[in-house]
Amino acid sequence: MSFEIKCVDCGHAAPFFPTSNTCPRCNSQWREAVYDYDSIAETLPGLLGERQFDLWRYRELLPVRSPNPALKMGEGGTPLIQAVNLGMMLGCPNIFIKDERQGPTSSFKDRQAAVTIAALKEAGITEMVAASTGNVAISYSAYAARAGIKLWAFVTSLVPAVKMREIALYGSQVVKVTGSYDQAKQVAAEFARQRSLYQDTGARTITSIEAMKTIAFEIVEQISTLLGPAGTSSTKKQPTRWRTPTWYVQSVSGGMGPLGIAKGFDEFLRMGFIDRVPALAPVQAEGCAPMVQAWKQGRESAEPVTDPRTRIETLATGDPGRTYTLLNNLVRKTGGVFESVTDEEAFRAMHVLAKMEGISAEPAAAVAFAGLFKLVRLGVIKPTDSVVVNCTGHTMPAEPYILGDNWARNVILTSEASENIPQEGLLAALSNVAPDRFARIAIVDDSPDVRKLIRRILQSQGDFTLFEATNGREALELVDKENPDLIVLDLMMPEMDGFSVLDALKAKPATANIPVIVVTAKELTTDEKNRLKGQIQALMQKGDFLSDEFLEEVRSLVG
Ligand SMILES: *Cc1c(COP(=O)(O)O)cnc(C)c1O
Ligand SMILES: [Zn+2]
């Protein structure tokens, strides 16, 4: 395998030893792997066709000499899923979710663990130390268990108990540090030093950065399949010219993900597989956003946050150190942006993602989705842009923030009835599962996509009976027949528009008092607004659905 480790500071190149973390010439800890890109560019496209879709398909670009089959758990090769409903809500159709939940321990840290532990195993390591905000420790523990390496996992006491138990279950020693994550890292470093144990060096770990690259490689292959390849005009004689998304959005803590992923895109660019790299959008939790603060103030280095104030402990790296400086350059170079969101915005995004796409992400990943929503609203991400958002799992600890107390309904069967439940007993037990009659809502819109979207938003709340009409005339027939409690009405429709529907409704005593919410795609003129005055209960803009306003309005009218 032909690659070497080059020092970022002095340029010295040395062979790779997984256990040596510094440049032999200047002692810098910032080094990167450099491969023989010309020869790999010749051979890799031909090899990929025969290889399984996991991260080892790019093994020529990874720092592991011979990937040990006994350590593999299907790492990498996660699906890229088009978020059709979110896209519709945002007016931005090409939104894709890189579903890293489908890794062995359901976070993208599995890639890092798979490659790093494989390299350490090759180097003969049997015991190691890592500090973590949770997910790294879980992934490392799983792979360390397979490799027979003992892991000392230093986590802050804020890490949810379910995550700590998972770490312990794999046989790692959990060390709870009551303090910030940055302090936990210091304690771990001191422990490793005293015992002369190998310690993971976070974003400076060559194998970790190299592992993260594979997310970029996969995205390029997958989005090219989904959207079709980019133009073929290539000066080089590459057989493949792949596509890149316009944006890569990820929530960040230490920033290792985007650093590695940017390196991946950059390597594909260098090899002529793609012709540009995506804009990077790292998103932080507002209560711990040292990078975003520095970015907004135009600074090259970040002021550490000593007292992180976020319930999303996975993202509580207060001191990004030099990673920010490197990432800042990359974000600027790619035309990207740093952004932050509040915990509340993240929890809301988590709920929206689950209800709209059936994807349950963990709060840390929801930060990225909340960032996406914000960037689309701000017009930074454009409707024609393609966007890939990194998504991970582990939802459990966040439910209380999102669902409240009454999220389940109880069916209680008495013990004597449970043997052979008579029909009436069962009916009685089920009577509190749902009311006999749901509020009836008519959705009137000529666009099938909008009807589907409104239906989905309402259905995600469970308790409505829904009807649809595709134009004004149909709407009036439907209202007469079904007697709805609420009408959600579009204004611009062929044949008979929303204004005429309103006039007809108000003209008949039976329908004059049915509440109406108007949903419109266009800015209304003063004249049109005057026509609606006193006639309707609320006016909503299409694309406004991401706020909870629409549902609150519906509930207040039919509840
Ligand atoms: C680790 C992690 C992050 C932050 O990743 P970095 O790239 O290291 O900043 C974000 N979300 C989840 C779910 C994570 O596990
Ligand atoms: Zn050096």
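All ligand and atom numbering here is 1-based and tracks the order in the structure.
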- Please say which of I167, V159, V155 ends up in a side-chain contact (heavy atoms from CB on, under 4.5 Å) with I138. I167
- Message: Can you tell me which portion of N135 lies within the under-4.0 Å heavy-atom range of ligand 1? Options are side chain, backbone, both, or neither.
- Response: side chain
- ligand 1 versus T314: contacting region, heavy-atom distance under 4.0 Å: side chain
- Message: Would S208 and T116 count as a side-chain hydrogen bond (donor to acceptor under 3.5 Å, both in side chains) here? Give the steps.
- Response: CA-CA 6 Å; S208 298; T116 298; 3.2 Å; yes
For [X], the ligand 1 atoms whose distance to one of its heavy atoms is below 4.0 Å:
| X | answer |
| --- | --- |
| V252 | 4 (C), 9 (O) |
| E362 | 13 (C) |
| A364 | 11 (N), 12 (C), 13 (C) |
| P258 | 7 (O) |

- Item | Among A365, S253, A203, closest by any non-hydrogen atom to atom 4 (C) of ligand 1 | S253
- Task: Return the option from A285, G255, S106 holding the heavy atom at the smallest distance from atom 6 (P) of ligand 1.
- Result: G255
Side chain or backbone, does [X] bring an N or O within less than 3.5 Å of an N or O on ligand 1?
| X | answer |
| --- | --- |
| K109 | yes |
| F108 | no |
| G257 | yes |
| Q250 | yes |

Which residue holds the protein heavy atom closest to [atom], what is that atom called, and what is the gap in Å?
| atom | value |
| --- | --- |
| atom 11 (N) of ligand 1 | S251 OG, 3.4 Å |
| atom 13 (C) of ligand 1 | T392 OG1, 2.6 Å |
| atom 8 (O) of ligand 1 | M256 N, 3.4 Å |

- Donor-acceptor pair, side chain of R276 and main chain of T244, under 3.5 angstrom: yes
- Mind checking whether the Zn ion (ligand 2) has an N, O or S of C23 under 2.8 Å? yes
- Item | Test item, L315 contacting ligand 1 (heavy atom, 4.0 angstrom) | yes
- Task: Answer yes or no: is there a side-chain heavy-atom contact under 4.5 Å between P290 and E303?
- Result: no
- Query: What does the angle at the Zn ion (ligand 2) come to, between atom SG of C10 and atom SG of C26, rounded to 10°?
  - Reply: 120°
- Task: Quick one: sort the F268 and Y58 rings into parallel, tilted or perpendicular, breaks at 30° and 60°.
- Result: perpendicular
- Verify whether the ring centers belonging to Y324 and F338 lie closer than 6.0 Å. yes
For a quick check under 3.5 Å, do [X] and [Y] share a side-chain donor-acceptor pair by atom type?
| X | Y | value |
| --- | --- | --- |
| T342 | E286 | no |
| T392 | R101 | no |
| T78 | K98 | yes |

- Is atom NZ of K6 surrounded by more than 12 heavy atoms (other residues, nucleotides or ligands) closer than 6.0 Å? no
- Message: Please check if the number of heavy atoms outside R51 that lie under 6.0 Å from its CZ is greater than 12.
- Response: yes
